[in-house]
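I have placed the structure first, in the form of structure tokens, so that the comments after it can refer back to it.
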Amino acid sequence: MGVGGEVIIEGSFKDDNGISGTVGDFLKTASSYDNGAGRGVIVDADGVMLSNITVTSFYTGVELADNIENVTLNDVTIDGVVNGIRKGTTADVDGLTINGGEITDGAIGIYFAKTTASGVEDDGLITNVTINGTNFSHLLEKGIYAEALDHTLITGITMEDVGEFGRAPVFGGTGSNTSGFGNGIDINLKNGTYTDIVIESLTFTDVGSSDGDGTAHAFGGAISLKARDDGSYATSPAEYVGNIIVRNGTIDGTSTGIRAGEPGKSIDGLSVTIQNVEITGAEHPSIHGDIDNVSQSTVTVTGSAGADSYVANPTATGSFDFDDLDGDDTFTGSGDDDALDGAGGTDTANFADILAAGDITIGAGGWSVATTTEGTDTLFDIEIVDGAEAGQFLLVGNGGFDTIQEAVDAASAGDTILIAEGTYVEQVIITTSDISLFGVGDVVIESPSSGLVQITTNPQNGKVLFSIVTVEGADNVNIQSVTIDGEWQAGQVTGGGDFNGIAYVNALGSIDQVEVVEIGDAPIDEATGQVSGNQRGNAILVTNEAGSAKTISITNSTFSEFQKTAIVARNTVVTAQGNTITTVTDGDCPERHSALARIHG
């Protein structure tokens, strides 16, 4: 224990290798090195505590021997070493606490090795580990590397400039491994059974880029997590029980933020849960992303209460379950079948493929998006789907926007609004050009039973217009596969106005496979269905200012139970084809009007 001043344990590694600068810079280009300086401190007894000391210029700063328990390092600085703290392949450690301190300038900060010999899975273990508030910086290859780790909490640590270079040539970083394996934390479990690992409250800056040769290596990443049962490890596999949890922290500047598995390997185990970790500055080329899953398990990602953005590695082979808390979030899935759950806010699912409306269907409790290269993803509480096509798909109902109007208000030119099966009691007002409304299943837009409001006025005659769906001042607005139900609510109309199912006012577009019903006053005789003589119920009204004729297409639609007129078109070029219009009269008193259409101008 250092008391009353700085206590330094200094070795000869720098002198032995003629190093005048940093050990890290030396190792980047060294073809060999002299490790005769050995280990600064060897802990070979139970209950040892090291406090307030600096260990510098050794091959290994602190070596943990075999069969030791309850070792504590408080505010220990380890500097200018190849390995900061190391446990050998057959060394067993039960109880290690590292509080504070710093490990800087070297190759690997903490290195826990594990024997992989068959039949000795209980040899070389380390358990009951706490690493709390330690700072790691300027380490070439890794901050923490563990081939064995059990019942462990890594909390409050910071890393800066760790794993940015990757593996140096002197450690085998040549050929396909050139500048590879650069990580902040690499938990690479081997030959044993492990559980209960939590990494939390981390702050990483410029960690795991693994780009010492100028290109980010495929194995690089801020945090890499796997349990090996592949290849040569099949006869002595690792098993992890439960989920590794990574929560509450930031990663800024890396190749891949968090990865489960190892690229090119088929690894069964190790489920990962990521909670409230903000990842920024990650590279997004073809082999990296904010998160990656190349294991056969699922990675579950839960965001923060704010706006989050997660981009999965496009070459990921495993599944993701995005489960956000709140905020306006963006999710980009992988090449496998993913589950995306946006929860609160307005959330977007991104896809690299070109999507069509038919690729997006109703699923159980959400929506399903089928792609060519990215699998079939399930969306829960996701409002927007954005593929490589022009425009976006905005989802209404079944976990999307609650109302059609919310989606319309969020839409931009080129967008398609997909409405899930159900009944939507609202008036919809569209003023954005080049958008489409498309019903998926049995979609009914129903007039409110009270509070019906005037939307606009008719530019031809000045009448006030109360319409269930109004398109005003917008071009190329297309409405398809919905039912407009007036619920006989024309009695709410005031000022001598008109009640319309759909009104296009100074607008153009198309109506296809639409049914409009019950546009008029409530029947005054339930037995006959007779209504009042008020002439204010039009299924479709299209009206444009004089001299500004617009074009509209009305096809394959059905209009029935309207009180006045099926289609009124003023100063409009109309294409009508394949429609069915049902008229009704009531005996000797034809008070339910039956004009099929009126075309003006």
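All values derive from a computational prediction rather than experimental measurement. Hydrogens, waters and symmetry mates are skipped; everything else that's a heavy atom, side chains included, is used.
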(request) Find the distance between CG (Asn99) and CE (Met49) and round it off to the nearest 0.5 Å. (result) 8.5 Å
(message) Any carboxylate oxygen within less than 4.0 angstrom of a Lys/Arg side-chain nitrogen, looking at Glu147 and Arg228?
(response) no
(request) Please determine, by modelled atom types, if Asp213 and Thr215 share a side-chain donor-acceptor pair under 3.5 angstrom. (result) no
(request) Would you check if Glu200 and Ile245 make a side-chain contact, meaning some heavy-atom pair closer than 4.5 Å? (result) no
(message) Assess the residue pair Val277 and Asn248 against the criterion (side chain to side chain contact (heavy atoms under 4.5 Å, CB included)); give the C-alpha distance rounded to whole Å, side-chain angles, the decisive distance to 0.1 Å, and a yes or no.
(response) CA-CA 5 Å; Val277 178; Asn248 304 331; over 6 Å; no
(message) Under a 3.5 Å distance rule, please check whether Ser236 uses its side chain to pair with a backbone N or O of Ala117 as donor and acceptor.
(response) no
(request) State the CG-CZ distance between Asn188 and Phe181, to the nearest 0.5 angstrom. (result) 9.0 Å
(request) Calculate, to the nearest 0.5 Å, the distance between atoms OG1 and CG belonging to Thr72 and Leu96 respectively. (result) 7.5 Å
(message) Would Asp196 and His151 count as a side-chain hydrogen bond (donor to acceptor under 3.5 Å, both in side chains) here? Give the steps.
(response) CA-CA 5 Å; Asp196 188 25; His151 292 288; 3.1 Å; yes
(message) Tell me if a side-chain donor or acceptor on Glu389 pairs with a main-chain N or O of Gly387 at a distance below 3.5 Å.
(response) yes
(request) Kindly give the heavy-atom pair with the smallest separation between Leu202 and Ile223, and that separation in Å. (result) CD2-CD1, 4.1 Å
(message) So, taking the atom named CG in Asp229 and the one named NZ in Lys265, what distance separates them when rounded to the nearest 0.5 Å?
(response) 11.5 Å
(message) Can you confirm whether Asn191 sits close enough to Tyr233 that some side-chain heavy atom of one is under 4.5 Å from a side-chain heavy atom of the other?
(response) no
(request) Verify side chain to side chain contact (heavy atoms under 4.5 Å, CB included) between Phe204 and Ile185, making sure each step is shown before the conclusion. (result) CA-CA 10 Å; Phe204 285 7; Ile185 298 175; 3.9 Å; yes
(message) Any non-hydrogen side-chain atom of Ile68 less than 4.5 Å from a side-chain atom of Val48?
(response) no
(request) Looking only at non-hydrogen atoms, find the nearest pair between Ala420 and Ile362 and report the distance. (result) CB-CD1, 3.5 Å
(message) Looking at Gly363, is its backbone amide N or carbonyl O close enough to the side chain of Ser368 to form a donor-acceptor pair, meaning the two atoms are under 3.5 Å apart?
(response) no
(message) Quick one, Ile417 with Phe401, criterion side chain to side chain contact (heavy atoms under 4.5 Å, CB included). Give me CA distance, side-chain angles, the key distance, then yes/no.
(response) CA-CA 10 Å; Ile417 296 170; Phe401 288 100; over 6 Å; no
(request) Flag the pair Leu149 / Ile126 as yes when at least one side-chain heavy-atom distance between them is below 4.5 Å, and no otherwise. (result) yes
(message) Tell me the closest heavy-atom pair linking Ile267 and Ala227, and the distance in Å.
(response) CG2-O, 3.0 Å
(request) Report yes or no: do Ser319 and Asp337 form a side-chain donor-acceptor pair below 3.5 Å? (result) no
(message) Can a donor-acceptor pair be found, under 3.5 Å and without considering hydrogens, that links the side chain of His288 to the backbone of His217?
(response) yes
(request) Decide yes or no on side-chain hydrogen bond (donor to acceptor under 3.5 Å, both in side chains) for Thr348 and Asp386, but give the supporting numbers first. (result) CA-CA 7 Å; Thr348 302; Asp386 190 5; over 6 Å; no
(request) Pick out which of Thr89, Val120, Leu125 makes a side chain to side chain contact (heavy atoms under 4.5 Å, CB included) with Lys114. (result) Leu125
(request) Kindly indicate whether the side chain of Tyr424, heavy atoms from C-beta on, has any atom under 4.5 Å from the side chain of Val443. (result) yes
(message) Side chains of Glu283 and Ser255 only: does a donor on one sit below 3.5 Å from an acceptor on the other?
(response) no
(request) Return yes if some donor-acceptor pair links the side-chain N/O of Thr134 with the main-chain N/O of Gly100 below 3.5 Å, else return no. (result) yes
(message) Walk me through whether Asp321 and Thr300 qualify under side-chain hydrogen bond (donor to acceptor under 3.5 Å, both in side chains).
(response) CA-CA 5 Å; Asp321 183 351; Thr300 300; 4.5 Å; no
(request) Decide yes or no for Asp186 and Glu141: does some side-chain heavy atom of the first lie under 4.5 Å from some side-chain heavy atom of the second? (result) no
(message) Can you confirm whether the side chains of Ser266 and Gln296 place a donor and an acceptor under 3.5 Å from each other?
(response) yes
(message) Given 3.5 Å as the limit, does a donor-acceptor pair link the side chain of Asp359 with the main chain of Ala356, or not?
(response) yes
(message) Is any side-chain heavy atom of Ile85 closer than 4.5 Å to one of Leu73?
(response) yes
(request) Determine, for Asp92 against Lys87, whether the closest basic-nitrogen to carboxylate-oxygen distance falls under 4.0 angstrom. (result) no
(request) Would you check if the side chain of Trp367 reaches a backbone N or O of Glu383 as a donor-acceptor pair within less than 3.5 Å? (result) no
(message) Show the nearest heavy-atom pair for residues Leu64 and Phe112, with the distance to one decimal.
(response) CD1-CE2, 4.2 Å
(request) With the side chain counted from C-beta on, respond yes when Ile258 and Ile251 share a heavy-atom pair under 4.5 Å apart, and no when they do not. (result) yes
(request) Consider only side-chain N and O atoms of Glu164 and Ser209, and report whether a donor and an acceptor are under 3.5 Å apart. (result) yes
(request) Looking only at non-hydrogen atoms, find the nearest pair between Gly221 and Thr254 and report the distance. (result) C-OG1, 3.9 Å
(request) Identify the residue among Val62, Ile154, Ile144 that makes a side chain to side chain contact (heavy atoms under 4.5 Å, CB included) with Ile110. (result) Ile144
(message) Quick one about Glu102 and Asn135 (side-chain donor to acceptor, distance below 3.5 Å, no hydrogens or angles considered), yes or no?
(response) yes
(message) Treating Asp105 as the side-chain partner and Thr22 as the backbone partner, does any N or O pair qualify as donor plus acceptor under 3.5 Å?
(response) no
(message) Between Asp161 and His138, do the side chains contain a donor N or O and an acceptor N or O under 3.5 Å apart?
(response) yes
(message) Could you check, using the six-membered ring where one of them is a Trp, whether Tyr194 and Tyr240 have ring centers closer than 6.0 angstrom?
(response) no
(request) Kindly indicate, with the supporting measurements, whether the criterion side chain to side chain contact (heavy atoms under 4.5 Å, CB included) is fulfilled by Val41 and Val43. (result) CA-CA 6 Å; Val41 177; Val43 179; 4.2 Å; yes
(request) State the CD1-OG1 distance between Ile197 and Thr152, to the nearest 0.5 angstrom. (result) 5.5 Å
(message) For the backbone of Leu355 and the side chain of Asp353, can you confirm whether one donor and one acceptor N or O come within less than 3.5 Å of each other?
(response) no
(request) Using atom types as modelled and distance alone, determine if a side-chain donor or acceptor of Arg247 lies under 3.5 Å from a backbone N or O of Val198. (result) no
(request) Kindly give the heavy-atom pair with the smallest separation between Asp377 and Glu374, and that separation in Å. (result) OD1-O, 3.6 Å
(request) With rounding to the nearest 0.5 Å, note down the distance linking CZ in Phe320 to CD1 in Ile274. (result) 7.5 Å
(request) Verify side-chain hydrogen bond (donor to acceptor under 3.5 Å, both in side chains) between Thr104 and Ser137, making sure each step is shown before the conclusion. (result) CA-CA 5 Å; Thr104 183; Ser137 61; 2.9 Å; yes
(message) Does the plane of the ring in Phe322 sit parallel, tilted or perpendicular to the ring in Phe331? Use 30° and 60° as the thresholds.
(response) tilted
(request) Check the side chains of Asp46 and Asn70 for a donor-acceptor pair under 3.5 angstrom, ignoring hydrogens and angles. (result) no
